[in-house]
Amino acid sequence: MSFPEYRPRRLRRTPAVRRLARETHLVPSQLVLPMFVREGITEPSPIGSMPGVVQHSMDSLRRAVAEAAEQRIGGVMLFGVPEVRDAVGSGADDPNGILNRATEAVVAEVGDALVVQTDLCLDEFTDHGHCGVLQPDGAVDNDATLERYTAMGLAQARAGSAMLGLSGMMDGQVGAVRDALDAEGFTDTLILAYSAKYAGAFYGPFREAVDSQLKGDRRSYQLDPGNGREGVREALLDVEEGADVVMVKPALPYLDVLADVKASVDVPVWAYQVSGEYAMVEAAAAHGWIDRRGAILESLLGIRRAGADAILTYWALEAARWLRAEL
Ligand code: PBG
């Protein structure tokens, strides 16, 4: 026998062969842009730890979603930053709360051209920064929080949100919100379950982005970073409760969980490339230590390869422009 017996390099010889042999593709419709809208500002306000990302004013948000629709990305995920907070997050289900007003404005601007999604969690609206309401001893009260989530979900559906992003990691949240939506006739409102959301260090810049009031951490409700099978179990539970899409978050440190979840469920699986993942690449690129565009596209492709059908990423617009130019 003569060696090499088989020559895998044949499939890598020219750009045309490589293009034809590529297993995984990334297209703009698979990208969802997370956006922040802040109450009481008239100009967009930069977020120091996320260069290139801003807290939008109502006006700049409208312009930015119009551009997102032009780029034909998959959707936008809206986060609200209120002026006033309280213990139960009253701004979350107030129809005049910043997130609900922004949702109405965005839907009026883009209609069905984008899937308009909203973060369904109390942390931006509570004065203690936790994702739920607290018991007298300071612990997060799961079942009392579910009542707040159903009120928030209904307010978001009334504001026109097409898809509710349940990111609070309370037990039973998907079933509770699904039941409430159905009972009020919102049977077409989609539920995106942040099923395997891990407690960890990669949300740091996001805390600045939403002006988070959190002291402490979220370890009593978000998953322990050591647990992969538990992430799969959470996804299976959410599908059972009626989730239309399940998600793994963060993305890059949890690609194994993403692949396992993808193999275990028959609904779409998404991943969230979070603020810390964004900041790492931006910081390295700013120092000239990494090829920015190459690192961004490679990270997105890797997340797709591991199993994500779509990806929430702060680079959605820029990546969509690059991808379109490559076609
Ligand atoms: C909760 C929420 C968080 C993020 C998205 N939804 C914060 C948290 O769980 O601490 C983080 C996203 C990111 O880091 O980019 N409302």
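As the structure lists them, so they are numbered: ligands from 1, and atoms in each ligand from 1.
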For residues [X] and [Y], is any side-chain donor paired with an opposing acceptor at under 3.5 Å?
X: Glu208; Y: Ser49; answer: yes
X: Glu282; Y: Trp315; answer: yes
X: Asp86; Y: Ser90; answer: yes
X: Ser299; Y: Gln273; answer: yes

Q: Just say parallel, tilted or perpendicular for the rings of His130 and His128, cut-offs at 30° and 60°.
A: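 Aromatic pair His130/His128 classed tilted.
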Q: Check the angle between the aromatic planes of Tyr272 and Phe79 and answer parallel, tilted or perpendicular using the 30° and 60° thresholds.
A: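 It falls in the tilted class, 30° to 60°.
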Measuring from non-hydrogen atoms of [X] to any atom of ligand 1, is the shortest distance under 4.0 Å?
X: Arg207; value: yes
X: Lys197; value: yes
X: Glu277; value: no

If you count the atoms of ligand 1 from 1 in the order shown, which ones are under 4.0 Å from a heavy atom of [X]?
X: Asp119; answer: 6 (N), 16 (N)
X: Tyr314; answer: 12 (C), 13 (C), 15 (O)
X: Tyr272; answer: 12 (C), 15 (O)
X: Cys121; answer: 1 (C), 16 (N)
X: Phe79; answer: 5 (C), 6 (N)

(Q) Please report whether ligand 1 has a polar contact with Tyr194, defined as an N or O pair separated by less than 3.5 Å (distance criterion only). (A)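 Among all N and O atoms of Tyr194, none is under 3.5 Å from an N or O of ligand 1.
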**Q.** Smallest separation among heavy atoms of Ala251 and Ile303, with atom names
**A.**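 Here Ala251 and Ile303 meet closest at CB-CD1, 3.5 Å.
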Students should be able to answer this: which protein heavy-atom is nearest to [atom], and at what distance?
atom: atom 8 (C) of ligand 1; value: Arg218 NE, 3.4 Å
atom: atom 4 (C) of ligand 1; value: Lys249 NZ, 2.8 Å
atom: atom 12 (C) of ligand 1; value: Phe206 CD1, 3.3 Å

Tell me the contacting part of [X] for ligand 1: side chain, backbone, both, or neither, using a 4.0 Å heavy-atom threshold, strictly below.
X: Tyr278; value: neither
X: Ser275; value: both
X: Leu214; value: neither
X: Asp123; value: side chain

Q.
Closer than 4.0 angstrom, basic N to acidic O: yes or no for Arg158 and Asp93?
A.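 Looking at Arg158 and Asp93, the cut-off is not met.
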(Q) Taking the basic N atoms (NZ, or NE/NH1/NH2) and the acidic carboxylate oxygens, is any pair closer than 4.0 Å for Arg293 and Glu326? (A)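 Between Glu326 and Arg293 there is a salt bridge, with a charged N closer than 4.0 Å to a carboxylate O.
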(Q) Does the structure place the NZ or CZ of Lys249 under 6.0 Å from the centre of the six-membered ring of Tyr203, at an angle of no more than 45° from the ring's axis? (A)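 Output yes; distance and angle both within limits.
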